[in-house]
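Working notes, beginning with the structure itself.
For reference, positions follow the sequence shown, starting with 1. Just so we're clear, the structure is a prediction, and the values are computed from it rather than from any experiment.
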Amino acid sequence: MPGYTPPLRDMRFVLHELLQVSEELARLPPHAGLDADTINQVLDEGGKFASGVLFPLNQSGDRDGCQFDPTTRSVTAPHGFCDAYRQFVDAGWPSLACDPEFGGQGLPVVLNNALYEMLNAANQAWTMYPGLSHGAYECLRAHGTPAQKTLYLPKLVSGEWTGTMCLTEPHCGTDLGLLKTRALPQPDGSYRLSGGKIFISAGEHDLSANIVHLVLARLPDAPAGTRGISLFVVPKFLPGPDGEPGARNAIHCGALEDKMGIHGNATCQMHLDDASGWLVGEPDRGLNAMFVMMNAARLGVGMQSLGLTEVAYQNAAAYARERLQGRSLTGPKAADRPADPILVHPDVRRMLLTARAYAEGGRAFSSYVALMLDREQHHPDLAVRQEAADEVALLTPIAKAFLTDNAWIACSEALQVFGGHGYIAEWGMEQYLRDARINMIYEGTNTIQSLDLLARKVLADNGAKLRKFGGKIRAFIEEHSADPRLSGFVTPLAELGDKLGKLSLEIGMKAMQDRDEVGAAAVPYLRVAGHWVFAYFFARMAQIAIERESGGDDFYKAKLAVAQFYFERLLPETAMLIRQARSGAGNLMAMDAALF
């Protein structure tokens, strides 16, 4: 049976030693009084809930799945999920980072982000229910009318109601400009929505008293394409005059998707048959409103993968310490036993360190992005808020795609450590790999994230955002370039930054002649950018570890060893990626379509 221990020591290192969040949050008026002890206490309690309540339900939830009753069109979550959700709500976890105006606790995004890493590591399928609700809260808070905020936000904040986003249709996934769901205006100001949606996570379940669906649809006179999409709030039960669930709305689950992983989450086909809905935001501007939820979800998906990376690593490391097989190439290390633990073998260590490096790098990077979200929302200086917003825009596609790609790699390597046992459900590793695969697909496939990064976030402003973030990295390099202890980190970081800048310029020039050059280079380009960002944070973590390892704390020795492994074993991947990105569109587009 697998196990999970919340990585609280590393979380505290990232928050307090690397990012110094207490000092940063002191500059943000809503969080000025939040101290390190409070942050640590929240992390401790969140870790207890994740490991003690959610983790024991992960394998059983995967095995049992959700159950659909076609007669009532209702969905029952796996055994234990509802009770766990009630405990989650009773403890106040849904409200952690929500606005006090609507009943929230007003704590920072960076703390909520750490909580969700643990929840996802313990049980990704379960965590999707409250995770999507938080996205719905963010969308309505940004674009809802005062009446909509008053009606829906307190219920979403408390967790009494949950939320979804209904985008995808059978004939369109990424290209939402093709969607067909229609919304007809009614004399009372409401709309009647008709159409079908697929792949709707948490679309129907029995965890909460009501489900608030955010649905994309077209008005009768809407222009074609994405410019003609509007957003509507469509509750499962129509709220009565007292705000409590009343009559059943005409939005129902038609079937559950039979899928590869995340079996504990209800992935639904949803049917709207003249369902009552209300416009959110401006007509034909639905994507602008929905992007608030989608961008939150993209960082959230990165956290799903970070959680899986961590739990897969933990279990593989524990197995490698105990599994006996073969002898060390340099002679027996456990002479009193019939064989050595497989941890003595270099390639087992390579697999474990790969997973651990991607977990530790991902934790540092994602925590930084979350902290920038706090800065964007609450810093008193408008210029600082705008700079943070630019960084979040640049880094969000990297957080989604790089972390999810890395989780697939890490979970596969961790499974490999188990050998044949990893392929057997009993050990839990094959579930992590199956669950990790969806993260590279939904909330915008990783190719879409790569195109977003290269085309919109880099080339569209001639690299301004990239150069500005690069300025922070260059400042770190200049500060520590004379320290011989850091040369193995600072020098390759500087070299990769130069190569990324040149690659960006080269692709931009080629794209002026052929836009396919952007599509051909985007995926390897994002991965180069991801390594560049990870290398920056690993260099910073190494600098801290070097200064503090003499104190005798083995944590810093391990941190430095992981950083060295990352720079020497994983970062060199960028040489291949740069060559791929530079190879151009010709080797992809030359073959006639009929020959495929």
Side-chain angles (χ1 to χ4, degrees), residues 5-52 88-122 130 134 137-138 141 157-159 296 299-300 303 306-307 310 360 362-381 384-385 387-388 391-392 472 537 540-541 543-545 547-549 551 553 555-556 559:
T5 301
L8 298 173
R9 177 65 180 91
D10 199 52
M11 287 182 167
R12 291 193 291 268
F13 169 79
V14 168
L15 295 179
H16 303 310
E17 299 180 63
L18 175 67
L19 300 181
Q20 299 179 331
V21 293
S22 296
E23 295 180 19
E24 177 68 29
L25 295 174
R27 303 184 185 98
L28 311 181
H31 307 311
L34 186 62
D35 59 23
D37 288 341
T38 303
I39 291 172
N40 293 342
Q41 184 178 7
V42 172
L43 291 177
D44 289 346
E45 293 303 314
K48 291 176 184 176
F49 178 82
S51 60
F88 187 73
V89 170
D90 290 346
W93 292 115
S95 67
L96 191 71
C98 296
D99 193 331
E101 179 183 353
F102 304 107
Q105 300 178 53
L107 290 172
V109 176
V110 69
L111 183 54
N112 199 59
N113 199 61
L115 168 68
Y116 268 80
E117 181 201 324
M118 295 186 285
L119 300 181
N120 281 306
H134 194 78
Y137 154 80
E138 292 285 4
R141 186 172 72 115
V157 167
S158 69
L299 179 58
M303 300 314 296
L306 175 56
E310 174 65 31
E360 293 186 6
R363 183 170 299 117
F365 170 46
S366 62
S367 298
Y368 177 83
V369 175
L371 187 60
M372 290 304 100
L373 280 167
D374 285 315
R375 184 185 288 183
E376 176 188 355
Q377 294 172 9
H378 298 300
H379 200 283
D381 188 326
V384 175
R385 293 200 302 273
E387 181 180 353
E391 281 196 14
V392 170
K472 288 188 174 182
F537 286 107
R540 288 179 58 183
M541 290 189 286
Q543 181 254 324
I544 297 170
E547 290 181 351
R548 300 180 184 179
E549 67 170 333
D553 189 340
F555 173 87
Y556 297 109
K559 181 65 68 177

For residues [X] and [Y], report the shortest heavy-atom separation together with the two atoms involved.
| X | Y | answer |
| --- | --- | --- |
| G46 | L115 | CA-CD1, 3.8 Å |
| E376 | A388 | N-CB, 3.7 Å |
| G307 | A121 | O-CB, 3.2 Å |
| E117 | R363 | OE2-NH2, 2.7 Å |
| P94 | S158 | CG-O, 3.8 Å |
| D35 | S22 | C-OG, 4.1 Å |

Once you round to the nearest 0.5 Å, how far does [atom1] of [X] lie from [atom2] of [Y]?
| X | Y | atom1 | atom2 | value |
| --- | --- | --- | --- | --- |
| M118 | M11 | CE | CE | 4.5 Å |
| H378 | R27 | NE2 | CZ | 15.5 Å |
| L306 | F365 | CG | CZ | 11.0 Å |
| N40 | L15 | CG | CG | 8.0 Å |
| R375 | Y368 | CZ | OH | 6.0 Å |
| S95 | H134 | OG | NE2 | 10.0 Å |

### Task
Any chance you could lay out the side chain to side chain contact (heavy atoms under 4.5 Å, CB included) test for R9 and D553, step after step, and finish with the verdict?
CA-CA 12 Å; R9 177 65 180 91; D553 189 340; 3.6 Å; yes
### side chain to side chain contact (heavy atoms under 4.5 Å, CB included) between N112 and W93, intermediate numbers included
CA-CA 9 Å; N112 199 59; W93 292 115; over 6 Å; no
Parallel, tilted or perpendicular, as decided by the 30° and 60° cut-offs, for the rings of [Y] and [X]:
| X | Y | result |
| --- | --- | --- |
| F102 | Y137 | perpendicular |
| Y556 | F13 | perpendicular |
| F88 | F49 | tilted |

### Message
Working note: L373 + L299, criterion side chain to side chain contact (heavy atoms under 4.5 Å, CB included); need CA distance, chi angles, decisive distance, verdict.
### Response
CA-CA 11 Å; L373 280 167; L299 179 58; 3.7 Å; yes
Should the pair [X]-[Y] be classified as a salt bridge under the 4.0 Å nitrogen-to-oxygen rule?
| X | Y | result |
| --- | --- | --- |
| K472 | E391 | yes |
| E547 | K559 | no |
| K48 | E45 | yes |

[X] side chain to [Y] backbone, donor-acceptor under 3.5 Å:
| X | Y | result |
| --- | --- | --- |
| H31 | G106 | yes |
| Q377 | V109 | no |
| D374 | V110 | yes |
| R540 | L18 | yes |
| T38 | L34 | no |

### Task
Step by step, work out the salt bridge (charged side-chain N to carboxylate O under 4.0 Å, His left out) result for E138 and R141.
CA-CA 5 Å; E138 292 285 4; R141 186 172 72 115; 3.2 Å; yes
### Query
So do L107 and I39 actually touch side chain to side chain, heavy atoms under 4.5 Å?
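The answer is no; the side chains never approach within 4.5 Å.
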### Message
Between Y116 and L119, does the side chain to side chain contact (heavy atoms under 4.5 Å, CB included) criterion hold? Intermediate values first, please.
### Response
CA-CA 5 Å; Y116 268 80; L119 300 181; 4.1 Å; yes
### Query
Is the number of heavy atoms from other residues, nucleotides or ligands under 6.0 Å of Q20 CD greater than 12?
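Yes, because the 6.0 Å sphere around CD of Q20 holds more than 12 heavy atoms from other groups.
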